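Scroll down for the structure; my scribbles are underneath it.
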Amino acid sequence: MKYLYRLYQLLVALPILIVWSIVIALTVIVGCTLGNGHFWGYYPGKWWGWLIVRIFLLPVKVEGRGNIEKDKSYVFVANHQGAFDIFLIYGFLGRNIKWMMKHQILKIPFVGAACKASHQIIIDKRGPKRIKESYDKAREVLKEGISLMVFPEGARSFTGHMGRFNRGAFMLADELQLPVVPITINGSFNVMPRTRDWHFVDWHPLSLTVHEPVYPVEQGPTNVASTMTDSYSAVMASLVPEYQGFVENPDQ
């Protein structure tokens, strides 16, 4: 069965993934250039993520979507197990979001141009001025009522376990007094871990658990620390036992 699945990936899933990614990227670029950037910057990506998960025949379980309200702005924070985290969140969270992502993404053909056209939040740490510009842009997105999606570990896990959370997303939420919604991803590390990028996908169920929002109780460093701790605990508590516990991520 393993080798049949790999043959299916080579002959069916991979060609569809490549063509679909190019089509969606071009749709985003043209749509955002000519029309509503919030619409064209999200819905094609949603269709992209949903189809990629489906063409690889991966079962998906989503819990807790009822914890988030329609038309409310949130800062979503999730653990980062692998490449399929992006497809899972885009395709199955069901919220119009902007991503906070590394500037290296811009180098990916078609995808990078689509991210730039759709005004995703590009984090460029090559100097204080660029960092400030990134956070200023994130601030404006949140003020417009769009939600922000962040992987606060800053990089994919090497082990499936969680590393530490960085403070940036929680500081933004504190400044604007917005709720933080923790999200737990399970299964993505088993599907394609970071150490096996560009290899065959392994079949494994995926799950997305949307926790109750963590609302600000005050403003300032104490609230930032409290929100970050509560969010981390919520994400950790829903990880499968195999990946429970903190493990240092060397490139955080």
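Quantities reported herein were computed from a predicted structural model and do not represent experimental measurements.
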Practice prompt. For the residue pair S21 and W48, confirm or rule out a side-chain donor-acceptor distance under 3.5 Å.
Written response: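 Per modelled atom types, S21 and W48 side chains form a pair under 3.5 Å.
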Discussion item. Checking H211 against T184: is there a side-chain donor and acceptor pair closer than 3.5 Å?
Written reply: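 A donor-acceptor contact under 3.5 Å links the two side chains.
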Does [X] reach the main-chain N or O of [Y] with its side chain, forming a donor-acceptor pair under 3.5 Å?
X: N223; Y: V217; answer: yes
X: Q120; Y: K98; answer: no
X: S118; Y: C115; answer: yes
X: D202; Y: V191; answer: no

Item to complete: In plain terms, say whether R156 and D85 are close enough for a salt bridge, that is, a side-chain N and a carboxylate O under 4.0 Å apart.
Response: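 The answer is no: the pair does not qualify as a salt bridge.
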I'd like to know whether [atom1] of [X] has more than 12 heavy-atom contacts from other residues, nucleotides or ligands below 6.0 angstrom.
X: K102; atom1: NZ; answer: yes
X: M171; atom1: CE; answer: no
X: R167; atom1: CZ; answer: no
X: Q177; atom1: CD; answer: yes

How long is the span from the [atom1] atom in [X] to the [atom2] atom in [Y], to the nearest 0.5 Å?
X: I29; Y: L34; atom1: CD1; atom2: CG; value: 11.5 Å
X: L208; Y: F92; atom1: CG; atom2: CZ; value: 9.5 Å
X: M149; Y: Y90; atom1: CE; atom2: OH; value: 11.5 Å

Item to complete: Evaluate the ring planes of F151 and H80, with Trp represented by its six-membered ring, and classify them as parallel (under 30°), tilted (30 to 60°) or perpendicular (over 60°).
Response: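 Parallel: the ring planes of F151 and H80 meet at under 30°.
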Worksheet item: Is F200 isolated, or which residues cluster with it under the ILVMFWY side-chain rule of less than 4.5 Å, directly or via members?
Response: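 Joined to F200, directly or through intermediates: L10.
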Practice prompt. Could you work out the complete set of other residues in the hydrophobic cluster of V23, with links drawn between I, L, V, M, F, W and Y side chains under 4.5 Å apart?
Written response: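 Under the 4.5 Å side-chain rule, V23 groups with V19.
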Worksheet item: With F56, which of F84, W203, W50, F87 fulfils ring-ring contact (aromatic ring centres under 6.0 Å, His included)?
Response: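 For F56, the ring-ring contact (aromatic ring centres under 6.0 Å, His included) test succeeds with only one of F84, W203, W50, F87, which is F84.
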Item to complete: Only one of F189, F246, Y243 passes ring-ring contact (aromatic ring centres under 6.0 Å, His included) with H161; say which it is.
Response: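 One option only clears the test, and that one is Y243.
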Worksheet entry | L93, V235, T209 screened by side-chain contact (heavy atoms from CB on, under 4.5 Å) with I183, the one that passes |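 Exactly one candidate clears the test, L93.
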Worksheet entry | Sole residue of I89, I146, V75, L148 in side-chain contact (heavy atoms from CB on, under 4.5 Å) with I97 |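 One option only clears the test, and that one is I89.
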Worksheet item: Which pair of non-hydrogen atoms, one from H38 and one from N96, has the smallest distance, and what is that distance?
Response: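 Here H38 and N96 meet closest at O-ND2, 3.2 Å.
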Discussion item. So which atom in T27 and which in P44 form the shortest heavy-atom distance, rounded to 0.1 Å?
Written reply: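 T27 and P44 have their closest heavy atoms at CG2-CG, 4.2 Å.
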